[in-house]
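Residue numbers begin at 1 in each chain, while the letters A, B, ... track the order of the sequences. Being a predicted model, the structure only gives us computed values, none of them experimental.
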Number of protein chains: 2
Amino acid sequence: MNHVKDYRQQRGLSQLKLAQTVGVARQTINLIENGKYNPSLKLCLGIAKALGTDLNSLFWEE
Amino acid sequence: MNHVKDYRQQRGLSQLKLAQTVGVARQTINLIENGKYNPSLKLCLGIAKALGTDLNSLFWEE
DNA sequence: TCGAAATGTCACTTATAATTGACACCTTTA
DNA sequence: TAAAGGTGTCAATTATAAGTGACATTTCGA
């Protein structure tokens with residue numbers, strides 16, 4: 001899994017708001033948060049920047 | 001860009017060897033190293049683990 | 001300096017990420 | 001009690017990641 005939902009909620013953002021910031025559809029954010037698929041690197045980078053964090057914090061499991 | 005090529009060469013691996021370890025085609029590694037496209041998160045994770053490093057080291061630019 | 005391994009790239013196909021529109025369900029507030 | 005915002009999910013389409021086979025060039029050790 002990943003930590004997108006946690007970080008998004010900590011920032012008080014809706015899925016829609018995050019999606020608009022990153023420039024993707026709301027459904028795409030929803031699917032990523034629920035582990036339903038495998039986002040592209042570019043999208044991961046966009047989400048990390050929009051949430052003021054980095055790739056490891058959101059997507060890395062030791 | 002990214003640092004896949006640097007890390008791979010430091011480990012003395014060919015594109016083919018890394019591709020086999022990760023389970024993708026050699027061309028896929030070549031395209032990623034040359035910034036020709038946008039790999040999936042799953043593939044980025046596989047490459048990071050195969051090279052004994054992490055997402056930020058390979059793909060994060062401040 | 002020859003030959004093999006490694007790399008870069010092409011065309012084509014297949015798998016899947018991502019989009020769009022829609023609907024049901026839930027919670028909160030007027 | 002109903003209206004609005006937020007979420008989860010569905011089906012259908014489009015965009016693109018990834019695979020396959022092939023070939024030319026470069027690199028490097030015997």
### Query
Can you find a side chain N or O atom of A:Asn38 that sits less than 4.0 Å from OP1 or OP2 on C:dT16?
no
For A:Thr53 and A:Tyr7, the nearest pair of non-hydrogen atoms, with its separation, is OG1-CE2, 3.6 Å
Closest heavy-atom pair, B:Arg8 versus B:Leu13, reported as atoms and distance to 0.1 Å, is NH1-O, 2.7 Å
Assign each of B:Arg8 and A:Ile32 the nucleotide of DNA chain C bearing its closest heavy atom; nearer the 5' end lies the nucleotide of B:Arg8
Practice item. Please tell me if the side chains of A:Ser40 and B:Ser40 come closer than 4.5 Å, counting only heavy atoms from C-beta onward. Key: no
Extract all donor-acceptor atom pairs below 3.5 Å that involve side chains of residues 19-32 of chain A and protein atoms in other chains or at least two apart in sequence.
unit_1: A:Thr21; atom_1: OG1; unit_2: A:Lys17; atom_2: O; d: 2.9
unit_1: A:Asn30; atom_1: OD1; unit_2: A:Asn34; atom_2: ND2; d: 3.1
unit_1: A:Asn30; atom_1: ND2; unit_2: A:Gln15; atom_2: OE1; d: 3.2

5'-most contact on DNA chain C (nearest-nucleotide basis), B:Asn34 vs B:Ser40, goes to B:Asn34
Between CG of B:Leu18 and C1' of C:dA6 the distance, given in whole Å, is 14 Å
Is B:Ser14 touching bases, backbone alone, or none of the nucleic acid, heavy atoms closer than 4.0 Å?
sugar-phosphate
Heavy-atom nearest nucleotide on DNA chain D taken for B:Lys36 and for B:Arg26; more 5' hit belongs to B:Lys36
In terms of heavy-atom contacts, A:Leu18 and A:Ala50 come closest through CD1-CB, 3.8 Å
In whole angstroms, the gap separating P of C:dA17 from CG of A:Leu41 amounts to 14 Å
In whole angstroms, the gap separating P of C:dA6 from CD of B:Gln27 amounts to 15 Å
Q) Is A:Lys42 touching bases, backbone alone, or none of the nucleic acid, heavy atoms closer than 4.0 Å? A) nothing
Rounded to whole Å, CG of B:Leu13 lies from P of C:dA6 at a distance of 11 Å
Nearest heavy-atom approach of B:Asn38 to A:Lys42 is OD1-N, 2.9 Å
Note to self: Is the phosphate of C:dT7 approached by B:Asn30 (side-chain N or O, under 4.0 Å from OP1 or OP2)?
What the structure shows: no
Using OP1 and OP2 only, check whether a side-chain N or O of B:Gln15 sits under 4.0 Å from C:dG8.
yes
Under a 4.0 Å heavy-atom criterion, DNA chain D is touched by chain B from D:dA17 to D:dA22
Exercise. Inspect the surroundings of NZ in B:Lys49 and state if more than 12 heavy atoms from other residues, nucleotides or ligands are less than 6.0 Å away.
Key: yes
Indicate, with a heavy-atom threshold strictly under 4.0 Å, whether A:Leu31 touches base, sugar-phosphate, or nothing.
-> nothing
